[in-house]
Amino acid sequence: MDQIFGVPTAAFMGQLMLGLVNGSFYALLSLGLAVIFGMLNIVNFAHGALYMTGAFFAWMLLNYAGVNYWFALLLAPLAVGLIGVIIEKTMLRWLHGLDHLYGLLLTFGLALLLEGVFREFYGSSGLPYELPEIFRGGFDLGFMFLPKYRAWVIFAAVFVCLATWFVIEKTKLGAYLRAGTENPNMVKAFGINVPLMVTLTYAFGVGLAGLAGVMAAPIYQVSPLMGSNIIIIVFAVVVIGGMGSILGSILTGLVLGLIEGLTKVFYAELSSTVVFIIMVIVLMFRPAGLFGREK
């Protein structure tokens with residue numbers, strides 16, 4: 001088959017794969033946002049900046065310390081998670097129980113601060129991150145060429161997303177987390193340290209953003225602007241899936257990435273706005289999102 005819907009098969013499948021890669025990042029980032037909002041009721045606008053911070057930590061580990069990609073996959077998310085602990089303990093803790101607007105404004109200010117710091121030291125043109133040796137080249141599938149690293153990104157992102165969903169929805173730890181947000185006094189009565197649980201939940205959510213940043217570094221330029229370029233789309237994904245819905249964020253991120261990729265094939269001019277068009281349509285009929293619950 002040389003063509004699909006009048007489009008050369010290689011071009012069609014290539015854009016589909018690119019859309020799936022973008023969708024994997026949307027899913028991973030929106031998952032972190034959904035965890036933070038669903039568990040802590042915080043609109044974390046610093047998420048994109050922490051995604052960018054994870055990418056820069058990976059770049060610095062490689063270029064200043066010679067630490068390779070595999071160790072960066074572990075160390076950079078831990079470092080971003082530590083930043084999350086500091087942010088939650090020193091700033092966000094005082095906003096619990098207040099209107100969402102306070103948390104949004106605070107985290108928006110933090111995003112601008114982080115972006116400004118990295119722009120001051122590294123500029124805004126972007127820095128390359130060397131592709132790991134094991135992922136160079138790709139697979140010839142006959143109808144298309146599949147780069148090894150993009151296949152890895154899709155697999156790793158889907159695995160992390162599904163593992164996170166399983167832990168939160170199907171395990172005793174997840175039950176404690178959900179109960180701690182809905183009735184913290186009852187959970188405290190069982191001897192569980194709820195403030196520590198809240199801190200670690202926020203750290204885990206932003207750690208997912210840091211992990212996405214490390215995975216994005218070999219594909220995109222490591223730049224202070226990379227977070228602000230993607231965070232608006234990720235927020236749209238979360239709204240479409242349903243604020244706080246873990247599974248909704250995962251599925252919506254992957255599907256919207258595919259739709260965005262297919263739009264580039266058939267009507268490229270619409271590809272940058274198709275996510276927001278879908279968001280408007282969904283909110284008209286489902287204000288709580290596709291997987292959200294009306295309150």
Side-chain angles (χ1 to χ4, degrees), residues 1-34 48 51 55 129 131-132 134-165 208 211-221 226 229-242 245-282 289-291:
M1 186 184 295
D2 296 328
Q3 292 188 339
I4 299 177
F5 301 117
V7 179
T9 301
F12 182 91
M13 298 303 297
Q15 285 298 331
L16 202 63
M17 179 56 59
L18 181 59
L20 195 54
V21 170
N22 289 337
S24 298
F25 289 118
Y26 297 161
L28 201 52
L29 284 167
S30 62
L31 172 64
L33 277 178
Y51 157 77
Y129 186 91
L131 190 70
I134 192 174
F135 291 127
R136 292 178 183 173
F139 306 103
D140 187 356
L141 304 180
F143 56 89
M144 67 170 292
F145 183 80
L146 174 61
K148 291 180 180 179
Y149 188 73
R150 296 192 177 189
W152 155 251
V153 165
I154 296 168
F155 169 79
V158 171
F159 176 80
V160 170
C161 287
L162 293 179
T164 302
W165 170 82
L208 288 174
L211 176 64
V214 178
M215 292 169 63
I219 297 179
Y220 310 116
Q221 289 282 312
M226 63 187 294
N229 290 340
I230 196 173
I231 190 62
I232 301 301
I233 296 177
V234 173
F235 265 107
V237 170
V238 174
V239 170
I240 294 169
S245 173
I246 306 298
L247 187 60
S249 296
I250 298 170
L251 295 177
T252 304
L254 292 171
V255 171
L256 288 180
L258 288 173
I259 292 174
E260 187 180 66
L262 290 175
T263 304
K264 290 179 180 178
V265 174
F266 295 105
Y267 195 74
E269 293 83 355
L270 195 64
S271 62
S272 60
T273 57
V274 64
V275 172
F276 303 105
I277 294 172
I278 293 173
M279 181 182 72
V280 171
I281 294 172
V282 168
L290 295 175
F291 297 88

Hits for ring-ring contact (aromatic ring centres under 6.0 Å, His included) against Tyr129, two or more places apart or cross-chain, chain-then-number order -> none
Below 3.5 Å, can you tabulate the donor-acceptor pairs from side chains in residues 20-33 to any protein atom, sequence neighbours excluded?
| unit_1 | atom_1 | unit_2 | atom_2 | d |
| --- | --- | --- | --- | --- |
| Asn22 | OD1 | Tyr220 | OH | 2.6 |
| Ser24 | OG | Leu20 | O | 2.8 |
| Tyr26 | OH | Glu260 | OE1 | 2.9 |
| Tyr26 | OH | Glu260 | OE2 | 3.3 |
| Ser30 | OG | Tyr26 | O | 2.7 |
| Ser30 | OG | Ala27 | O | 3.2 |
| Ser30 | OG | Ser249 | O | 3.3 |

Given the options Ile281, Val282, Val275, Ile278 meets side chain to side chain contact (heavy atoms under 4.5 Å, CB included) only with Val282
Donor-acceptor pairs under 3.5 angstrom involving side-chain atoms of residues 262-270: please list them, not counting sequence neighbours.
| unit_1 | atom_1 | unit_2 | atom_2 | d |
| --- | --- | --- | --- | --- |
| Thr263 | OG1 | Ile259 | O | 2.7 |

Rounding to 0.5 Å, atoms OG (Ser272) and CD1 (Ile233) come to a distance of 8.5 Å
d(Ile250 CD1, Leu162 CG) to nearest 0.5 Å is 5.5 Å
On a heavy-atom basis, which atom in [X] and which in [Y] lie closest, and how many Å separate them?
X	Y	answer
Ala156	Met215	CB-CE, 3.7 Å
Ser245	Ala34	O-CB, 3.8 Å
Ser271	Val274	O-CG1, 3.5 Å
Ala216	Met226	CB-CE, 4.2 Å

query = Under the side-chain contact (heavy atoms from CB on, under 4.5 Å) test, which residues partner Val239, sequence neighbours left out?
reply =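 Residues passing side-chain contact (heavy atoms from CB on, under 4.5 Å) with Val239: Met243, Met279, Leu283.
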Taken in chain and number order and not counting sequence neighbours, the residues that satisfy side-chain contact (heavy atoms from CB on, under 4.5 Å) with Ala151 are Leu146
Please test Leu254 against Leu258 for side chain to side chain contact (heavy atoms under 4.5 Å, CB included), starting from the C-alpha separation and ending with a verdict. CA-CA 6 Å; Leu254 292 171; Leu258 288 173; 5.7 Å; no
For the residue pair Phe155 and Phe159, does the interplanar ring angle fall in the parallel (under 30°), tilted (30 to 60°) or perpendicular (over 60°) class?
parallel
Side chains of Ile231 and Tyr51: does their closest heavy-atom pair fall under 4.5 Å?
-> no
| Phe291 and Leu251: CA distance, side-chain angles, deciding distance, side chain to side chain contact (heavy atoms under 4.5 Å, CB included) verdict | CA-CA 10 Å; Phe291 297 88; Leu251 295 177; 3.9 Å; yes
Residue set satisfying side chain to side chain donor-acceptor pair (under 3.5 Å) with Tyr149, at least two apart, ordered chain then number -> Tyr69
